[in-house]
Number of protein chains: 2
Amino acid sequence: MNPDHTIAPATSLDVARLAGVSKTAVSLVLNNRGTEHGIAPDTQSRIRVAADALGYTPNHAARSLRRQRTNIITFLTSDLGNRYFADVMAAAERTARARGYVVNVISARSADAEAEAFERLGGGISDGLMVHGGSVRTTAGIARLRRHGLACVLLQDAGAHTAIPCVRVDIAEGGRLATHHLISLGHRRVAHITDRRLSGQLTNDRLLGYRHALETAGIAFDPALVINAENSFEGGDAAMRLLMNTPHRPTAVFVFNDQMAIGGLHALAALKLRVPQDIAVIGFDGTEPGAFTTPELTTIDHPRADLGSWAATTVMDQLAGTKVETMRTLPVRLVVRASCAGPTQH
Amino acid sequence: MNPDHTIAPATSLDVARLAGVSKTAVSLVLNNRGTEHGIAPDTQSRIRVAADALGYTPNHAARSLRRQRTNIITFLTSDLGNRYFADVMAAAERTARARGYVVNVISARSADAEAEAFERLGGGISDGLMVHGGSVRTTAGIARLRRHGLACVLLQDAGAHTAIPCVRVDIAEGGRLATHHLISLGHRRVAHITDRRLSGQLTNDRLLGYRHALETAGIAFDPALVINAENSFEGGDAAMRLLMNTPHRPTAVFVFNDQMAIGGLHALAALKLRVPQDIAVIGFDGTEPGAFTTPELTTIDHPRADLGSWAATTVMDQLAGTKVETMRTLPVRLVVRASCAGPTQH
DNA sequence: GTGAAAGCGCTAACAT
DNA sequence: ATGTTAGCGCTTTCAC
């Protein structure tokens, strides 16, 4: 098909021949176990020189097949486009690399792609799996993979799957904090824009926190103030417009995430409503873009780096046979910027 | 180490035994070559049922080792955080999936990580490679990988490596268009904020286009109006502040990409300068966030989906032994939004 | 039509 | 201290 000018990569046998030793010696030395097996220093260097000269890299498939380990951890996500993901992933990657693992990212936006990814994962494509924003569907697949020895961890999963190690940030507390912040500024009509994919879920922690804050403040919950929207800039924009067309319009809005909040800010600007004078907006997650909007977005910051780092560590600990925490909840933090102020008196 | 309750995944031998046939039959049938080899329909279905019952998934390492093909294409990038990447990658993934390939993303932010990634790639971890935003250093590594039969393609590479297939968008024309747009609105002092990593490169196509437009309009090039900055929100912000502190301040700024332009808008808002009345800003790349800024960002839209799709196709065509184009340049498009207007008369 | 056997490149027992 | 050998799980000639 494609012989071109491609040269077959050197094998350990090639190295062995060039160095005048056996494959075993090559394997031992290149895996830094030469000394331990009493291989003479000069033999060792001869092998290394030979490997270098041939540009030898151990064949991944062969090594994985033999070791039953790939040294790869997969990060599966459905939304590569959201900056939130990139932050978590970057931290996971750094932490994994420090312990000799490589992270590869698989983006499965469609259900098909997700199913296919699980299929491949079952084939031992990697040793571990971090799943961010998995669907309900996901957990069955994960259970199967775990049974086959794959080290898994769920990030920010909505359900409570006690069996599968899970890292999350304290979303409910975040929702409470956000809403409380608005209430403490004097708002009484506080709306909430949420991800419509959560409307089917049993629990929506942001909503729980929102209601809790309302209740504590003695404000009646008004379902008309909760809008389901698509999780995107556009979705946030549309939801905000809807909300502003409400007869008795809210004076403050707590939005599902920063991305949607930025969409919301856009809608408000288009409607010639001033933020924060006419309407206060608070986002959720603390990603960088929110710090560069006009006005800057007040938000609930998530420890994204800790999230990714903890996920990677948990996977690697499982692989190492260490006992791991089943569930960890990380704290959130209110970041006050310019998009919130008290309601204007009329 | 970790025996736990893990069950070894079923092998093709397990399936064969359960179905009462040989491994050969299993392999043939599950690769849809059963009929072609004259395997009885009922034997085929017996095999499929057995495979299903055992939850059989072919072992990836074993299959790759045997076939000398992984069916994986790697997408290597240094900047997972920029939305631009996600768009390109999503298109590449979709295109690859349609032809039965899986895309995995490796993020190599540090030079170390990049070197390590190349190392692993040399070990046959995947069949093909798309590199986006590669450093100069990269090309040597790629040359070696190609010699070993890896199908490679460079996306948006600055250098001219005629040997390696390369897809790019017409950056120079984009720079010209952007600058021309500002000039046509009446601006004479047009600044340019660029990525400082390009200051060492031989060619900076945006700058070329910028100078070309200036020249055509009979405007002298003023090096003081070109600022090198870090490629980030923060970098764009800082560069814009610098520019606004210039004694003879520009009336319009063409920014390296949308992300940096958004940083610039933020700086201008902080400085209480109105966009576009006091200063016009044009971005570059056309990613979604720019459509949601206040004011909305005028920009040069890149065909990101085509870029990713073409990259994937080119890799797969090489793998299939098809002759491929060595270099393709895709067109850009001016998207007029609210961040540009003519200069105010004083 | 189906099965037996070889071998992909590597590592790890086991010999020497 | 080094080499020989078996085998990871799969695919693919080649016999039957």
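Order of the sequence lines fixes the chain letters, A, B, ..., with proteins taken first and strands second; residue numbering starts at 1 for each chain.
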Let me know which of N82(B), L154(B), L155(B), V153(B) forms a side chain to side chain contact (heavy atoms under 4.5 Å, CB included) with H132(B). L155(B)
A40(B) vs L13(A), nearer the 5' end of DNA chain C by closest nucleotide: A40(B)
Measure from the side-chain N and O atoms of S64(A) to the backbone N and O of H60(A), and report whether any donor-acceptor pair falls under 3.5 Å. yes
Interatomic distance where NE2 belongs to H37(A) and C1' belongs to dT4(D) [whole Å]: 16 Å
Any ion pair linking D87(A) and R83(A) (charged N to carboxylate O, less than 4.0 Å)? yes
Roughly, in whole Å, what's the span from CG in D14(A) to P in dG9(C)? 9 Å
The correct set of residues in residues 17-33 of chain A placing a heavy atom under 4.0 Å from DNA chain C is K23(A), T24(A), S27(A), N31(A), R33(A)
Can you tell me if the side-chain N/O atoms of T11(B) get under 4.0 Å from OP1 or OP2 in dC8(D)? no
Could you pick out which residue, A10(A) or G38(B), lies toward the 5' side of DNA chain C when each is mapped onto its nearest nucleotide? G38(B)
Below 4.0 angstrom, which residues in residues 48-67 of chain B have at least one non-hydrogen atom near DNA chain C? L65(B), R66(B)
For A19(A), is there any backbone N or O sitting under 3.5 Å from a side-chain donor or acceptor partner on R46(A)? yes
Distance check needed: dA12(C) P versus E36(A) CD, whole Å only. 10 Å
Say whether R63(A) and N31(A), considering side chains only, have a donor N or O and an acceptor N or O under 3.5 Å apart. yes
SB check R99(B) D317(B) (cutoff 4.0 Å): yes
Main chain of S309(B), side chain of T313(B): is a donor-acceptor contact present, judged purely on distance under 3.5 Å? yes
Indicate yes or no for a side-chain donor-acceptor contact from R48(A) to the backbone of V29(A) under 3.5 Å, with no hydrogens or angles considered. yes
Would you find a donor on one side and an acceptor on the other, under 3.5 Å apart, between the side chain of E114(A) and the backbone of R109(A)? no
Rounded at 0.5 Å granularity, tell me how far OG in S126(B) sits from CG in L150(B). 5.5 Å
Using a cut-off of strictly less than 4.0 Å, decide whether Q68(B) has a side-chain nitrogen or oxygen near OP1 or OP2 of dG9(C). yes
Between T74(B) and L76(B) (side chain of the first, backbone of the second, donor and acceptor by atom type, cut-off under 3.5 Å), is there such a pair? no
What are the atom names and distances for every N/O pair under 3.5 Å that joins the protein to nucleotides 14-16 of chain C?
none

